[in-house]
Visitor: 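Below is a structure I'd like to ask you about.
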Protein chains: 4
Amino acid sequence: MARRVDPARHEARRLQIIGAGLTVLAARGYEGATTAAICREAGIGSGTFFHYFATKTELVLAILELGTAETVEKAAALEGRTDPLGVLLDLVGSWADDAADPRIPGFVRAVAGVMHLPAVADALAADDRAQRDLLLPWIERGQADGDVRADLPPARIASWLVLLSGGFLERVATDPGFTVVGERDLLVATARAFLVGPGNAGGATAGRRR
Amino acid sequence: MARRVDPARHEARRLQIIGAGLTVLAARGYEGATTAAICREAGIGSGTFFHYFATKTELVLAILELGTAETVEKAAALEGRTDPLGVLLDLVGSWADDAADPRIPGFVRAVAGVMHLPAVADALAADDRAQRDLLLPWIERGQADGDVRADLPPARIASWLVLLSGGFLERVATDPGFTVVGERDLLVATARAFLVGPGNAGGATAGRRR
Amino acid sequence: MARRVDPARHEARRLQIIGAGLTVLAARGYEGATTAAICREAGIGSGTFFHYFATKTELVLAILELGTAETVEKAAALEGRTDPLGVLLDLVGSWADDAADPRIPGFVRAVAGVMHLPAVADALAADDRAQRDLLLPWIERGQADGDVRADLPPARIASWLVLLSGGFLERVATDPGFTVVGERDLLVATARAFLVGPGNAGGATAGRRR
Amino acid sequence: MARRVDPARHEARRLQIIGAGLTVLAARGYEGATTAAICREAGIGSGTFFHYFATKTELVLAILELGTAETVEKAAALEGRTDPLGVLLDLVGSWADDAADPRIPGFVRAVAGVMHLPAVADALAADDRAQRDLLLPWIERGQADGDVRADLPPARIASWLVLLSGGFLERVATDPGFTVVGERDLLVATARAFLVGPGNAGGATAGRRR
DNA sequence: GATGAATGAGGTTTCATTCAT
DNA sequence: CATGAATGAAACCTCATTCAT
């Protein structure tokens with residue numbers, strides 16, 4: 001009798017709006033991304049938009065949370081790996097690959113522009129923490145194995161890996177001559193050099209250090 | 001009767017507004033930085049603001065141009081130096097120091113959020129080019145001297161130094177535990193390792209190369 | 001297969017919605033009483049609401065018509081009474097008692113706020129007319145009997161009785177210290193004084209009039 | 001040098017908007033009185049409206065406060081009077097006269113419709129209190145003089161005088177046949193009868209009764 | 001030059017109402 | 001019959017910008 005609530009349809013619609021939001025936010029920034037433009041891109045009426053997201057800001061948060069969730073999911077896929085250094089470099093590489101979707105860097109920038117909104121700042125902090133939580137255990141295992149430099153605390157190393165990925169993302173967004181495919185290997189190599197640390201040139205050599 | 005235009009006074013007022021704009025933009029982002037808020041911070045009326053800048057966007061451009069000008073000025077101060085690697089690391093270090101003014105990272109983020117405005121994109125591109133133009137001759141000289149890796153073209157190396165600085169700036173803005181004073185040395189060391197390249201561990205070794 | 005329409009069930013549902021509407025309208029006023037809020041209160045879906053009432057305004061009209069109908073029903077219950085003054089005072093008292101349902105004054109106010117809608121104005125006029133039609137014959141009989149002052153035309157007296165009841169209702173709604181139980185007797189006494197008129201203290205004296 | 005701020009001009013504009021608001025609110029109720037309609041009536045742009053009132057509700061509050069202020073001013077004009085009963089009846093009469101501006105009853109109704117807004121409820125309570133504070137000392141003096149009934153506490157008498165005025169106002173708004181000029185005398189007479197109380201027919205007469 | 005009152009385009013959001021299921 | 005997702009008109013309000021003083 002009652003209309004069957006179809007959660008799958010609901011979720012699909014939600015994702016459709018999120019996709020449109022990602023596109024428009026990346027292209028026009030937060031203030032340029034009017035709800036009208038997002039609705040047009042998503043092919044929905046303005047009322048429908050607010051059926052799914054109470055606020056324009058909430059759409060941004062939803063996109064961020066999706067990203068955070070993906071980060072968490074990555075953790076599961078790494079179960080069973082025994083090569084900490086390889087895992088860490090794979091993670092750095094996968095973040096570089098994320099930048100291949102041209103919308104990602106644009107979105108990141110748009111979000112940076114509204115970080116003064118507390119809710120956005122919180123979501124970004126959560127995302128940051130998820131990334132670092134993903135890295136930390138592997139850094140610790142790498143240090144225990146002697147593959148990762150031990151002159152820096154794990155948390156600091158994690159920050160620097162995120163720094164490299166963030167700088168890479170920004171560069172891709174800024175410089176048309178700086179492409180993911182062209183620079184990805186150098187990113188991984190640079191990350192490897194950083195992880196191995198000074199005095200361990202190449203990293204693969206017999207761990208003679210200093 | 002005709003008031004003599006005092007250019008010094010005019011320029012002082014302009015800088016006063018620029019300072020207020022920097023503060024407010026950093027704190028609230030582009031859209032949060034209303035002209036009213038900037039005027040309040042600067043202690044002027046709204047009419048006065050538009051005497052000095054035809055548009056809110058023009059204020060942003062003026063701030064960016066000031067930064068670009070500072071970059072250009074740095075070039076002059078380096079005249080006569082003969083240690084390319086040292087110069088490059090000093091530049092990276094000076095960019096790190098810039099991040100010590102807490103308004104800088106906030107402003108950079110605010111501007112990133114409106115990069116979709118063509119005028120802003122152009123100004124950022126000009127700033128980027130100024131930074132790279134500053135780096136390029138020293139990279140080339142470093143390569144000629146054998147102090148800088150030669151397996152990458154100079155332009156690419158320049159991009160990566162900017163990448164490191166950009167990632168550093170972003171990290172400082174994001175993570176309260178990541179401070180300029182605490183991480184500056186590691187930035188310089190990492191830049192050195194990158195510049196020296198793989199296979200030249202430490203970089204301080206007697207320049208055996210090629 | 002065809003579901004037999006059950007008029008009793010239909011009417012029950014209708015009354016349920018009317019009750020919810022009365023509650024929500026009284027608490028939040030006309031514009032604050034969204035159809036969504038009324039549906040939530042009634043425990044129905046928004047689609048169901050519009051099965052029973054084509055318009056939010058129509059719900060208001062239905063509530064008003066219910067009140068008018070009750071007024072008309074009161075007339076029947078008075079059949080056979082022979083004491084016009086007593087009847088009139090009973091009516092005034094019963095209106096005071098209506099104010100004991102705390103939703104009534106709130107609803108009256110909410111409706112007053114949308115009297116500019118012609119349909120509402122018409123319904124209120126009908127309600128007003130019903131009240132006066134109820135009073136008029138008893139006023140006339142009271143005048144004929146000499147119990148009610150004859151220096152005013154019946155219609156005017158009716159207006160004043162309604163005025164007293166209306167003022168009473170408003171007062172109850174406004175002033176928490178003004179309660180139905182505390183003030184009801186004084187209302188009736190004041191109505192009696194008014195009905196008897198000046199110079200006829202007590203009202204029972206030999207009616208010299210005309 | 002600086003533009004002279006002209007408070008008189010500011011206040012004039014403010015009153016102009018208040019007048020327009022009174023007109024439109026009376027005619028269309030709160031929700032029908034769109035800010036656009038008020039601006040059109042006032043002959044100003046929408047931006048100007050919000051220059052003077054931060055909110056549509058604040059305009060309503062300003063109108064109410066103006067009314068409250070007028071009530072307070074009335075108190076001063078009564079200084080020196082020595083006939084409490086006369087003062088009280090003058091006050092009742094003056095409230096009746098207020099209803100002669102056809103916008104007043106309409107406005108009162110519009111406000112009643114949004115009493116669920118706490119700010120409006122507070123303002124109405126303040127207005128109510130101002131009216132009663134105006135009445136109270138004269139009621140007390142009237143009781144001391146023996147001109148006013150002493151069987152009811154002064155506060156209760158005040159409530160009833162307000163009740164009569166409120167009912168009168170509502171009646172004028174509702175019933176086209178109920179006019180201020182036609183009914184004003186009867187209002188004063190009814191108020192007198194109420195103030196004098198039962199058993200004091202006519203009030204000043206030698207009062208032989210039953 | 002300096003001011004701030006005035007402007008109005010345009011943005012976000014609400015909500016009564018429709019209709020496919 | 002009942003539902004609630006979808007709709008879009010329209011409301012309130014913000015804010016960059018103009019201009020008379």
Side-chain angles (χ1 to χ4, degrees), chain A residues 1-6 9-10 13-14 31-39 43-59, chain B residues 2-6 9-10 13 31-39 43-59, chain C residues 2-6 9-10 13 31-39 43-59, chain D residues 1-6 9-10 13-14 31-39 43-59:
Chain A
M1 178 170 45
R3 156 99 95 119
R4 190 167 40 92
V5 180
D6 185 344
R9 180 176 275 284
H10 187 272
R13 193 73 122 163
R14 203 179 126 91
E31 70 156 358
T34 64
T35 54
I38 295 170
C39 292
I44 59 173
S46 64
T48 306
F49 178 92
F50 289 96
H51 215 45
Y52 286 86
F53 301 96
T55 274
K56 194 172 98 169
T57 302
E58 264 199 13
L59 169 63
Chain B
R3 171 98 88 106
R4 192 162 46 85
V5 182
D6 182 343
R9 179 178 269 288
H10 187 273
R13 194 74 122 168
E31 71 156 358
T34 64
T35 54
I38 295 169
C39 292
I44 59 171
S46 64
T48 306
F49 179 94
F50 288 94
H51 263 308
Y52 288 86
F53 301 96
T55 276
K56 192 172 101 167
T57 302
E58 261 194 22
L59 169 63
Chain C
R3 172 98 87 105
R4 191 162 48 86
V5 181
D6 181 343
R9 179 178 269 285
H10 187 274
R13 193 74 123 166
E31 72 156 357
T34 64
T35 55
I38 295 170
C39 292
I44 61 171
S46 64
T48 306
F49 179 93
F50 289 94
H51 262 309
Y52 288 86
F53 301 96
T55 277
K56 191 170 102 168
T57 303
E58 261 195 21
L59 169 63
Chain D
M1 181 168 45
R3 158 99 97 117
R4 190 167 40 90
V5 181
D6 187 342
R9 179 176 277 282
H10 186 273
R13 193 74 122 162
R14 202 180 128 91
E31 71 155 359
T34 65
T35 54
I38 295 170
C39 291
I44 59 172
S46 64
T48 305
F49 179 92
F50 290 98
H51 215 47
Y52 287 86
F53 301 96
T55 275
K56 194 172 98 168
T57 303
E58 264 200 14
L59 169 63

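Chain A is the first sequence line, chain B the second, and so forth, proteins listed ahead of strands; every chain is numbered from 1.
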Visitor: Find the distance A:Ile44:CD1 to F:dG8:C1' and express it as a whole number of Å.
Guide: 12 Å
Visitor: Measure the shortest side-chain to side-chain distance between C:His10 and C:Tyr52 over non-hydrogen atoms and say whether it is less than 4.5 angstrom.
Guide: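 Yes; the side chains approach each other to less than 4.5 Å.
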Visitor: Would you say a side-chain N or O of A:Thr48 is under 4.0 Å from OP1 or OP2 of F:dT7?
Guide: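 It does, given that an N or O in the side chain of A:Thr48 lies less than 4.0 Å from OP1 or OP2 of F:dT7.
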Visitor: Taking 4.0 Å as the cut-off, does a side-chain nitrogen or oxygen of B:Thr35 come that near to OP1 or OP2 on F:dA16?
Guide: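 It does, given that an N or O in the side chain of B:Thr35 lies less than 4.0 Å from OP1 or OP2 of F:dA16.
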Visitor: Could you tell me the separation between the CD1 atom of D:Ile38 and the C1' atom of F:dC13, rounded to a whole number of Å?
Guide: 13 Å
Visitor: From NZ of A:Lys56 over to C1' of E:dT12, roughly how many Å is that when rounded to an integer?
Guide: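 Result: 8 Å.
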Visitor: To the nearest Å, how far apart are B:Phe49 CZ and E:dG1 P?
Guide: 15 Å
Visitor: Quick one: stems for DNA chain E, with Watson-Crick or G-U pairs under 3.5 Å, at least three in a row?
Guide: E:2-21 with F:2-21
Visitor: Examine F:dA16: is either OP1 or OP2 under 4.0 Å from a nitrogen or oxygen in the side chain of B:Thr55? Give yes or no.
Guide: no
Visitor: Mind checking if A:Ser46 touches a base, just sugar-phosphate, or nothing, with heavy atoms under 4.0 Å?
Guide: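 A:Ser46: base contact, heavy atoms under 4.0 Å.
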Visitor: To the nearest Å, give me how far apart CZ (A:Arg9) and C1' (E:dA20) are.
Guide: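 So the two atoms are 10 Å apart, to the nearest Å.
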Visitor: Could you state the atom-to-atom distance from CG of B:Leu59 to P of F:dT17 in whole Å?
Guide: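 Going from CG in B:Leu59 over to P in F:dT17 covers 11 Å.
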Visitor: Quick one: A:His10 NE2 to E:dT21 P, roughly how many Å, whole number?
Guide: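 After rounding, the reported distance stands at 18 Å.
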Visitor: Rounded to the nearest Å, what distance is computed from the CD atom of residue D:Glu31 to the C1' atom of nucleotide E:dT14?
Guide: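 Between C1' of E:dT14 and CD of D:Glu31: 12 Å.
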Visitor: Would you say F:dC1 has OP1 or OP2 under 4.0 Å from some side-chain N or O of C:Arg13?
Guide: no
Visitor: When we call it a touch if two heavy atoms are under 4.0 Å apart, what does C:His51 touch: a base, just sugar-phosphate, or nothing?
Guide: base
Visitor: So, is D:Tyr52 close to the E:dA6 phosphate, meaning a side-chain N or O under 4.0 Å from OP1 or OP2?
Guide: yes
